Amino acid sequence: MRLMRCEIQNFRFVLFTTILTIVSVCLPLGVSAQVPPSISSLSIENPDALVREVIHNEMEAHLSDQSLWCYREQRQEESKPAKTLQVCQTKDGELERLVALDGRELSALQAQAEDERIQKLVSNPEQLRAKQKKEREDGEQARKLLATLPDAFLFQCDRQSGNLVTLRFRPNPAFRPSTRSAQVFHHMEGTLVVDAEQKRLVEINGRLTSEVKFLGGLLGHLDKDGTFCVKQQNVGEGHWDLRFMSVQMSGKALFFKTITVLETKSLLDYKPLPRGATLQQAADFLIRDFDVRAASSSGK
C-alpha cells in the first residue's frame, strides 16, 4: 500500500510538472523586459523564427532578473474553499498569508493563527528553504522544457492587433521528446499570443487532443480534452509576471486512482520590494502592512 501511494504521488508529480510546469514555463515568473526590438514583417511572416526569438528572450530575462515582489493571489482549487492570499518574495523564499476564505475575511482568531504561523516560519526557515530548493529544481526543468517549445510545435500566424500577434500551434511530427514530461507536446494544440515588439509571451491557451499515456499507461494517463490558459503582463517597472492561470485536467494513476486538476489563479496588485528583503521584513509587511522599503532603508 505504501508503494502504491508513492506511485500515485509520482503520477501527481508527473501530472503537475507535465501540465502546470509546462504551462507555467511558457510564462516564467519573475522576468524583466529586455530592450525591445522593433517589429519586422519578416518575424510575423516567419512565425517559427518569431517564437524562437520570444523563447530566447524569455529565458534570458528569467536568468537575469533578481527583483522581489509582493502581490495578492486569488486561488480556487477543486473541492476547496476559494482562497485570497497576500504573497511576498524574499531572497530566502516566499511567505504567504491567508486573508480571506470564499470571499470572507478571516476572523480575529484565524488571523492570529496565520500571524503565529508566519512568525514560526520566520524563526525556523528550514521548511521555506526546502521549498525554495525544490522550486529552483522545478525551474531548471521548466527552462529545459521551454527550450524545446520551438521544436515541439509548428506555428502559424492567425492574426495581428498592434504589437500582439496570435499564433496557432500544433504538434511537430518530427519532434522526438527526450523526457516523459515532453511527451505531452505530441498531444497538445492551441494558441500563443506574443508581443512582437517586446518579444514576450502574453498568453497561451492549449488543449489535449488525445489521451496522454505515461509508460504505456502503466504509470497513468491524462484524458483527452484537458485545457489550460495562462496569461502574463508587465506588472510594473518593466517586470513581466503571471496574472492568470486556469487548468482543467483529469486522468488516472495505476488504472484506478482518478486524478483531477481544476485550478484557477488570479494574481494582482503587484508591489516591488527592496532587493534582498528579509523574511522578517516580509512578515512585518504581511502582518501589519509594514512598509518594507522603510524597514530596508532604516537597517532593520
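In what follows, residues are counted from 1 in the order of the sequence shown. Owing to the predicted nature of the structure, the values given are computational and were not obtained by experimental measurement.
- In this structure a side-chain-to-backbone donor-acceptor pair under 3.5 Å is missing from E77 to P81.
- Both Y270 and V87 belong to a single network of hydrophobic side chains, linked directly or stepwise wherever heavy atoms of I, L, V, M, F, W or Y lie under 4.5 Å apart.
- Take E114 and apply the side-chain contact (heavy atoms from CB on, under 4.5 Å) test, not counting sequence neighbours, and it matches R97, L98, L106, R117.
- When side chains are defined from C-beta on, D241 does not count as touching Y71, because their heavy atoms never get closer than 4.5 Å.
- Ion pair E53/R200 not flagged as a salt bridge, since none of the NZ, NE, NH1 or NH2 atoms sits closer than 4.0 Å to an Asp/Glu carboxylate oxygen.
- A continuous path of ILVMFWY side-chain contacts below 4.5 Å connects V54 to M59, so both sit in one hydrophobic cluster.
- The structure places CD of E116 at 11.5 Å from OG of S123, a figure rounded to the nearest 0.5 Å.
- Checked against S67 for a side chain to side chain donor-acceptor pair (under 3.5 Å), the options Q89, E237, H239 give a single hit: H239.
- In this view, L279 and T90, D92, L95, V122, P125, L128 satisfy the side-chain contact (heavy atoms from CB on, under 4.5 Å) rule, not counting sequence neighbours.
- Counting heavy atoms from C-beta outward, Q86 and E96 have side chains that stay 4.5 Å or more apart.
- Take E189 and apply the salt bridge (Lys or Arg N to Asp or Glu O under 4.0 Å) test, not counting sequence neighbours, and it matches R207.
- With R243 as the fixed residue, the side chain to side chain donor-acceptor pair (under 3.5 Å) test singles out one of E203, Q232, Q233: Q233.
- A distance-only check finds no donor-acceptor pair linking the side chain of H187 to the backbone of T209 [under 3.5 Å].
- Panel note: side chain H186, backbone R176; no donor-acceptor pair is recorded below 3.5 Å.
- Of the options T166, L201, N163, a side chain to side chain contact (heavy atoms under 4.5 Å, CB included) to V194 is made by L201 and by none of the others.
- Linking ILVMFWY residues whenever their side-chain heavy atoms come closer than 4.5 Å, directly or via other members, places F175 and L149 in the same cluster.
- Linking ILVMFWY side-chain heavy atoms closer than 4.5 Å, directly or via other members, places L242 and L85 in a single hydrophobic cluster.
- Under the 3.5 Å distance criterion, the side-chain polar atoms of N57 are matched with a main-chain donor or acceptor of Q198.
- Residues E58 and W240 are not in side-chain contact: their nearest non-hydrogen atoms beyond the backbone lie 4.5 Å or more apart.
- Ion pairing between a basic and an acidic side chain is recognised when a charged N comes within 4.0 Å of a carboxylate O; K120 and D115 show no such pairing.
- Note on ring orientation: taking the six-membered ring where Trp is involved, the planes of F169 and F155 are tilted (angle from 30° to 60°).
- The backbone N or O of T278 lies less than 3.5 Å from a partner atom in the side chain of Q281, making a donor-acceptor pair.
- Listed for the Q160 side chain is a donor-acceptor partner under 3.5 Å among the backbone atoms of G162.
- Between the side chain of N172 and the main chain of D151, a donor-acceptor pair closer than 3.5 Å is present.
- Salt bridge E137/K133: present, at least one basic N to carboxylate O contact under 4.0 Å.
- Using a distance-only test at 3.5 Å, with no hydrogens or angles considered, a donor-acceptor pair links the side chain of Q110 to the main chain of S107.
- Here the side chains of T148 and F185 are in contact, with some heavy-atom distance below 4.5 Å.
- Within the 4.5 Å cutoff, no side-chain heavy atoms of M245 are placed close to those of L267.
- Between the CG atom of L121 and the CZ atom of R129 there is a distance of 11.5 Å, given to the nearest 0.5 Å.
- A salt bridge does not link E197 with K199: every distance from a Lys NZ or Arg NE/NH1/NH2 to an Asp or Glu carboxylate oxygen is 4.0 Å or more.
- Here the side chains of M249 and F228 are in contact, with some heavy-atom distance below 4.5 Å.
- You'll find the side chain of S250 stays beyond 4.5 Å of the side chain of L222, heavy atoms only.
- Counting heavy atoms from C-beta on, the side chains of P171 and L154 never come closer than 4.5 Å.
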